[in-house]
There are 2 protein chains.
Amino acid sequence: MPKSKGQEAVTTGPAAEEREEFRIFYEHIKRTGLKKTGQRDMILDVFLRTEGHVSSEDLYEIVKREDATIGFTTVYRTLKLLQECGLARNVQSYDGRMLYEHDFKHDHHDHLICTSCGTLIEFFSETIEKIQDRITDEHRFKPISHSLRIFGICWECQVRAEKESRSRR
Amino acid sequence: MPKSKGQEAVTTGPAAEEREEFRIFYEHIKRTGLKKTGQRDMILDVFLRTEGHVSSEDLYEIVKREDATIGFTTVYRTLKLLQECGLARNVQSYDGRMLYEHDFKHDHHDHLICTSCGTLIEFFSETIEKIQDRITDEHRFKPISHSLRIFGICWECQVRAEKESRSRR
DNA sequence: ATTGGTGCAAAACTTTTGCACGGTA
DNA sequence: TACCGTGCAAAAGTTTTGCACCAAT
């Protein structure tokens, strides 16, 4: 099974507490009567440093490298919190696993999903968005979110497959 | 968890073996060196009588009513066969379960999925299809299939929620 | 002090697979 | 006879939950 990709690019930025994402998170925590903890801070910090799409397991693996005492459950539950306050968004991968991506100051978009290597490529179409609005109106359906996924083979995998088939001859 | 809906409308038609779907199935069976069995016939027959979207478990439950000796595994594997020969198509529901729908002489379409009752409503947009082609071209992505799902609340559930909130006052 | 948080272990579920026995060609 | 199919049980792989102990307010 392909690992989710692109989760390891590291960026150095302002101190944790100064970042807007943390302010949003803390507000959410205060508003819902939860508590600020070191684990949650660290998980959010790691999540913000990821790029692309991670599963809860992926994120747990990265977190574990920096603090092996943090449990999977906490990562899992923190991802739920991040979704609630609009910092994370989830996408169902082609194999049924749930992946998470940044949702703060990231415009809505859809995905091309390579069923060979698991990569997700983002794209956006204003026209598709508008048509969706028209369709939900017609059905008196109250839309909450949507997910357009195009499954297929990404260019890299096509090239690789071609190369492999040539060398086999 | 909402049960998948609409799987029980029964239609009486021509004898099994005369139906085009069965010819397609038998051809697939012959072509791939498999064998015709009573179980497979019955599962296909039941599947053809369903409407809407069923999970493998749903289909198993219906099949079991007509023949309690058939096992889940056989239903599950037969659904795979039906997909292979183009009689069934699958859709991932909002909760991660895989649902199956008819794919023979049924045009491609997308779904509005009610996250309250689980109902799937079908729709189609030629424009969206065309835009998808343009996008995959731009990314040199080789499309295999796609899935556009709009999650939200269907009209019936909206009405029901409204009614309930009124009676609570 | 309270109330919520954490980590572990286990439950819940669906999807898949291994295997011994029985049926089809 | 030689395969393939079937049903059972169990494996796999995630997502969720119960609980006892710990930490934040």
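Proteins come first, then strands; the chains are lettered A, B, ... in the order of their sequence lines, and each starts at number 1. None of these values were measured; they are calculated from a predicted model.
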Looking only at side-chain N and O atoms, does [X] come under 4.0 Å of OP1 or OP2 in [N]?
X	N	answer
Arg97(B)	dT15(C)	no
Gln39(B)	dG7(D)	yes
Ser55(B)	dT14(C)	no

Using whole Å, what does the distance between atom [atom2] of nucleotide [N] and atom [atom1] of [X] come to?
X	N	atom1	atom2	result
Asp41(A)	dA24(D)	CG	P	11 Å
Lys64(A)	dG7(C)	NZ	C1'	13 Å
Arg40(B)	dG7(D)	CZ	P	11 Å
Asp67(A)	dT6(C)	CG	P	12 Å
Tyr60(A)	dG13(D)	OH	P	17 Å
Lys80(B)	dC4(D)	NZ	C1'	18 Å
Arg31(B)	dC4(D)	CZ	P	16 Å
Met98(B)	dT14(D)	CE	P	15 Å

From the options dT15(D), dT6(C), dT6(D), select the nucleotide whose nearest atom is closest to the side chain of Arg77(A).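 Between dT15(D), dT6(C), dT6(D), the one nearest the side chain of Arg77(A) would be dT6(C).
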Of the listed nucleotides (dT17(C), dT15(C), dT15(D)), which one gets closest to any side-chain atom of Thr73(B)?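 For the Thr73(B) side chain, the nearest candidate turns out to be dT17(C).
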Just the table, please: protein N/O against nucleotides 22-25 of chain C N/O, every pair under 3.5 Å.
unit_1: dG23(C); atom_1: N2; unit_2: Lys35(B); atom_2: NZ; d: 3.1
unit_1: dT24(C); atom_1: O2; unit_2: Lys35(B); atom_2: NZ; d: 3.1

Report whether [X] and [Y] are members of the same hydrophobic cluster (ILVMFWY, side-chain heavy atoms less than 4.5 Å apart, transitive linking).
X	Y	answer
Leu79(A)	Ile70(A)	yes
Ile113(A)	Ile135(B)	no
Phe123(A)	Phe151(A)	no

SB check Lys30(B) Glu27(B) (cutoff 4.0 Å):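 Salt bridge: no.
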Determine, for Glu57(B) against Arg97(B), whether the closest basic-nitrogen to carboxylate-oxygen distance falls under 4.0 angstrom.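 Salt bridge absent between Glu57(B) and Arg97(B).
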Between Gly33(B) and Tyr100(A), name the one whose nearest nucleotide on DNA chain D is closer to the 5' end.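 Nearest nucleotide further toward 5': that of Gly33(B).
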Counting only heavy atoms not in Lys142(B), do more than 12 sit closer than 6.0 Å to its NZ atom?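 At most 12 heavy atoms, drawn from other residues, nucleotides or ligands, come within 6.0 Å of this atom.
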The single option from Tyr100(B), Phe47(B), Phe72(B) passing ring pair (Phe, Tyr, Trp, His ring centres under 6.0 Å) against Tyr60(B):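 The residue from Tyr100(B), Phe47(B), Phe72(B) that satisfies ring pair (Phe, Tyr, Trp, His ring centres under 6.0 Å) with Tyr60(B) turns out to be Phe72(B).
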